[in-house]
Amino acid sequence: MALEKIGRYKIEEEIGRGGMATVYRAIDPRIKRDVAIKLVPPLLLQDPTFRSRFEQEAQTIAKLEHPAIVPIYDF
């Protein structure tokens with residue numbers, strides 16, 4: 001069965017897959033905005049080192065503004 005929702009986000013399609021995550025195009029129905037969702041396997045999130053690095057990456061990217069960098073709204 002394919003994913004239909006992640007939290008409030010309605011999944012439209014898978015747009016990429018790698019060794020560490022799958023990325024989906026989705027819609028935030030509250031504000032009708034297209035978003036990309038990076039979904040990490042639960043097994044990786046149980047690793048405290050991986051989780052810490054993922055959170056640090058999100059915080060670092062959130063500080064950047066550039067047309068080629070997608071802004072982070074949530075993680």
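Predicted model, so just to flag it, every value in this text is computed and none were measured.
- Interatomic distance, OG1 of Thr22 versus CD1 of Ile15, reported as 11.0 Å (0.5 Å rounding).
- Scored by the salt bridge (Lys or Arg N to Asp or Glu O under 4.0 Å) test, Asp47 finds no partners at all (sequence neighbours excluded).
- Remark: Lys38 NZ to Phe75 CZ distance equals 12.0 Å, nearest 0.5 Å.
- Contact detail for Lys5 and Lys10: the closest heavy-atom pair is CG-CA, 4.4 Å.
- Every residue two or more places apart in sequence or in another chain that forms a salt bridge (Lys or Arg N to Asp or Glu O under 4.0 Å) with Arg17 is listed here: Glu14.
- A distance-only check finds a donor-acceptor pair linking the side chain of Thr60 to the backbone of Gln56 [under 3.5 Å].
- Counting only heavy atoms from C-beta outward, the side chains of Tyr9 and Ile27 never approach each other to under 4.5 Å.
- Remark: Arg53 engages no residue in a side chain to side chain donor-acceptor pair (under 3.5 Å) (not counting sequence neighbours).
- The side chain to side chain contact (heavy atoms under 4.5 Å, CB included) test applied to Ala36 returns Val23, not counting sequence neighbours.
- The stretch residues 63-75 participates, sequence neighbours left out, in these side chain to side chain donor-acceptor pair (under 3.5 Å) pairs: Arg33-Tyr73.
- Residues Leu45 and Arg51 form a side-chain contact, since some pair of their non-hydrogen atoms from C-beta on lies under 4.5 Å apart.
- We find the CZ-CG distance between Phe50 and Leu44 to be 4.5 Å, quoted to the nearest 0.5 Å.
- Scored by the side chain to side chain contact (heavy atoms under 4.5 Å, CB included) test, Ile61 finds Glu57, Ile69, Ile72 as partners (sequence neighbours excluded).
- Nearest heavy atom pair, residue Ala21 against residue Pro41, reads CA-CD, 4.4 Å.
- Side chains of Leu39 and Ile6 form a contact here, defined as non-hydrogen atoms less than 4.5 Å apart.
- Partners of Glu13 according to the salt bridge (Lys or Arg N to Asp or Glu O under 4.0 Å) rule, which considers only residues two or more places apart in sequence or in another chain, are Arg25.
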